[in-house]
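Protein chains get the first letters and strands the later ones, always in sequence-line order, with residue 1 at the start of each.
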Amino acid sequence: MMQTKHTIAVLVNDQPGVLQRVSGLFGRRGFNIESITVGQSEEAGLSRMVIVTEGDSGTLEQIEKQLYKLIDVIKVIDLSSKPMVARELALIKVKAEPNVRPEIMGVVETFRAAVVDIGTHSMMVQVVGDTDKIDAMIELMKPYGIKELSRTGVTAMIRGNAN
Amino acid sequence: MNAQSAMMGSKEQLREKWMKPEVITGSEILLRSLLLEGVECVFGYPGGAVLYIYDAMHGFDDFKHVLTRHEQGAIHAADGYARASGNVGVCIATSGPGATNLVTGIATAYMDSVPLVVITGNVATNFIGTDAFQEADITGITMPITKHSYLVRDVEDLPRIIHEAFHIASTGRKGPVLIDIPKDVSANKTMFKPVTEVNIRGYNPTVNPNRLQTDKLLKAIESAQRPLILAGGGVVYSGGHEELYQFVTTTGIPITTTLLGLGGFPSGHDLWTGMPGMHGTFASNKALQNTDLLINIGARFDDRVTMKLQGFAPHAKVVHIDIDPAEIGKNVPTDIPIVGDVKTVLEILNKDAKYAHVDAWRAQVMQWKEEQPLQYVDSETELKPQWVIEMLHRTTQGQAIVTTDVGQHQMWAAQFYKFNQPRSFVTSGGLGTMGFGFPSAIGAQMAHPDRLVISINGDGGMQMCAQELAICAINNIPVKVVIINNQVLGMVRQWQEIIYKGRYSHIDLEGSPDFPKLAEAYGVKGLRATNKEEAEAAWQEALNTSGPVVVEFVVRKGENVYPMVQAGDTIDQMLLGDSE
């Protein structure tokens with residue numbers, strides 16, 4: 001069966017240990033986690049996790065069913081089965097002596113990214129977008145020398161008219 | 001215990017006493033909550049972190065507490081109690097090593113969907129995370145092997161958590177729930193308000209099936225030429241054995257029952273083909289490989305049943321009835337998924353089920369049964385383990401509750417003790433836990449004080465929890481402990497003989513204790529038999545003894561379990577063994 005990327009939203013009780021329950025489940029059942037983000041949801045007491053995973057349709061079905069077996073899991077939504085908006089944020093600290101800064105600024109502007117800090121020998125670039133855009137930005141920054149890279153992982157939602 | 005309860009007044013009066021709103025400690029809340037859940041018997045072992053709980057139990061006799069000699073004995077006993085009674089089993093252990101000693105028992109219960117509430121103490125909340133004395137992160141350790149777990153941080157939460165734990169353990173696909181109670185929580189006082197309602201948003205098991213799916217199944221039966229039922233533990237756990245009987249007798253469809261399904265359907269019935277799988281009967285495995293409609297009722301297509309998945313039931317349209325949706329399609333692609341409680345599903349099916357006109361198929365299955373029944377080469381000079389099990393069956397008319405340990409004797413018990421009632425076979429199927437057989441019998445006997453409970457063990461597994469002979473002696477728990485002694489780890493020997501070319505590695509159990517003497521050391525009667533005559537006599541003596549007895553049957557060392565399907569083979573590739 002075809003291995004594809006899936007983005008899943010998991011609504012969970014905001015309880016100690018719930019992240020461990022979810023990540024542990026993925027680990028012991030051999031499901032892959034490409035990225036995982038957790039934060040508050042629209043409802044007090046509930047957190048929303050967004051997990052990007054890879055597998056065939058059978059694996060995805062098992063992931064959903066196994067997640068539902070966790071008592072702290074309220075709802076599982078396969079976001080990627082519908083039109084969705086997926087966003088990730090990356091902070092890139094890139095080597096930037098004053099002579100190359102204008103060039104980097106050019107890239108930043110084109111990507112509608114932002115420079116959020118400037119050091120003596122570096123700049124910190126913040127880029128928001130889907131995973132492909134972030135990947136592309138990182139590729140473009142590489143020649144200058146990336147000193148540090150931090151990505152949030154994907155958070156996502158189904159579009160307003162697609163529910 | 002019953003006499004005492006009667007003296008204390010009726011159940012209602014007791015309930016009133018337990019429900020009374022009072023300012024009490026977490027420990028007292030725990031005891032009262034357990035009573036309100038209907039708990040009659042708890043297996044446990046005290047220690048530092050549960051001292052407040054045990055202090056509250058001082059002079060307390062509203063339920064029975066059985067002090068085992070090892071926490072592992074306590075949890076296996078609670079497991080046996082749950083399997084034999086259908087009620088939630090309860091055990092208590094202290095923090096750290098007490099809690100980690102429960103791990104094997106929790107995993108055993110989890111794999112076989114047994115409802116347990118496991119209570120552990122922990123260090124006081126302000127010590128958690130400091131590597132304090134006897135601290136272990138037991139909720140973390142047991143996360144993969146519990147249905148759910150709680151770390152109680154506030155005594156106010158205790159009544160709700162206990163009530164939720166019993167609800168979760170005993171509904172849906174049943175399983176063990178752990179409640180970890182820090183020492184200060186068990187000491188703190190609060191106003192006790194009993195909780196009688198549950199509201200768990202993320203937990204709502206599907207009991208009633210989708211009628212479109214049940215209709216599809218009934219249609220499929222009409223057009224099937226070679227239908228077969230594979231029934232598992234779900235039949236027993238849902239209490240759906242009578243509904244299953246009706247379904248089978250109405251439709252006339254042949255039935256095979258898995259290890260955990262044994263007793264869910266009467267073994268003597270013509271349509272019953274025996275157990276399937278690795279050590280299943282010829283008829284069951286042939287039927288599985290030839291069926292065109294496989295109706296799985298509450299079994300989970302375990303690898304010991306299916307063996308090689310590619311090539312399992314190759315001609316079958318697959319129907320799977322299970323309370324746990326995650327089991328459907330997990331191992332075997334399913335054509336008609338039916339999520340629901342087995343008993344409820346069968347009730348619905350029985351309303352419209354019709355006789356399946358598949359006489360040729362039924363005749364074929366009967367022929368397989370006759371062609372290759374379970375058999376072994378008996379001996380007049382040596383005691384054969386299969387013969388011993390047959391004797392146990394013959395002398396008890398199949399009416400006993402039988403618990404087993406794990407290995408060859410377990411398979412022989414499954415093959416040769418013909419079960420007719422649900423909850424009469426207690427065995428560790430999924431995890432295959434050695435050391436389970438004997439303590440689980442203690443629990444089964446506590447659940448059924450008036451029934452005959454036989455615990456069948458090997459000489460290996462018996463030594464993994466033999467210390468619990470003490471509690472049989474002290475409490476006069478009249479379990480009949482059978483030890484099938486072949487002086488070797490028999491199942492490992494069998495594999496080493498067949499698969500590892502006779503390279504026997506570390507399987508010799510020479511130096512085992514003199515089992516009858518070991519029993520006597522604990523104050524339990526011990527008997528030994530080395531031939532048929534002695535065996536009959538010793539067993540009769542055991543049956544005539546009112547208290548616990550250990551009977552050792554010294555049997556032939558090199559006996560193998562047949563049929564056998566080797567790992568990697570499909571279930572019709574059976575080694576049938578010796579026959580005359």
Crowding at [atom1], [X] (>12 non-hydrogen neighbours, <6.0 Å):
| X | atom1 | answer |
| --- | --- | --- |
| B:Asn204 | CG | no |
| B:Asp131 | CG | no |
| A:Glu97 | CD | yes |
| B:Phe127 | CZ | no |
| A:Met105 | CE | no |
| A:Lys95 | NZ | no |
| A:Gln40 | CD | no |

Toward chain A, the part of [X] with a non-hydrogen atom under 4.5 Å:
| X | answer |
| --- | --- |
| B:Ser149 | both |
| B:Leu151 | neither |
| B:Asp324 | side chain |

> Would you call B:Arg201 and A:Asn13 a side-chain contact if the rule is heavy atoms closer than 4.5 Å?
Replying inline: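 No. Closest side-chain heavy atoms not under 4.5 Å.
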Sort [X] into side chain, backbone, both or neither according to what part of it lies under 4.5 angstrom from a heavy atom of chain B.
| X | value |
| --- | --- |
| A:Glu61 | side chain |
| A:Leu25 | neither |
| A:Gln20 | both |
| A:Ile63 | neither |

> Picking from B:Thr139, B:Ile328, B:Ile200, which has the most non-hydrogen pairs under 4.5 angstrom with chain A?
Replying inline: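 Greatest number of close heavy-atom pairs with chain A: B:Ile328.
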>> Looking at A:Lys69 and B:Lys147, would you say the former's side chain and the latter's main chain have a donor-acceptor pair under 3.5 Å?
In response: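 Not a single qualifying donor-acceptor pair exists.
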> Between atom OH of A:Tyr68 and atom OG1 of B:Thr206, what is the distance when rounded to the nearest 0.5 Å?
Replying inline: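 One finds 11.0 Å between OH of A:Tyr68 and OG1 of B:Thr206.
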>> Tell me the closest heavy-atom pair linking A:Gln66 and B:Ala326, and the distance in Å.
In response: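 The answer is NE2-CB, 3.5 Å.
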>> How close do A:Lys65 and B:Pro325 get, counting heavy atoms only, and between which atoms?
In response: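 So the minimum-distance heavy-atom pair works out to NZ-O, 3.0 Å.
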> Taking every heavy-atom pair that is under 4.5 Å apart, which of A:Glu43, A:Glu64, A:Lys75 has the most such pairs with chain B?
Replying inline: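 Of the candidates given, the most pairs with chain B belong to A:Glu43.
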>> As a quick check of understanding, evaluate side chain to side chain contact (heavy atoms under 4.5 Å, CB included) for A:Ile71 and B:Glu164, giving each step before the final call.
In response: CA-CA 11 Å; A:Ile71 310 290; B:Glu164 282 184 7; over 6 Å; no
> side-chain hydrogen bond (donor to acceptor under 3.5 Å, both in side chains) with B:His167: which residues, sequence neighbours excluded?
Replying inline: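 Partners of B:His167 under the side-chain hydrogen bond (donor to acceptor under 3.5 Å, both in side chains) test: none.
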>> Using the side-chain contact (heavy atoms from CB on, under 4.5 Å) definition, which of the options A:Arg29, A:Arg28, A:Arg21 pairs with B:Pro144?
In response: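 In the set A:Arg29, A:Arg28, A:Arg21, the residue that makes a side-chain contact (heavy atoms from CB on, under 4.5 Å) with B:Pro144 is A:Arg28.
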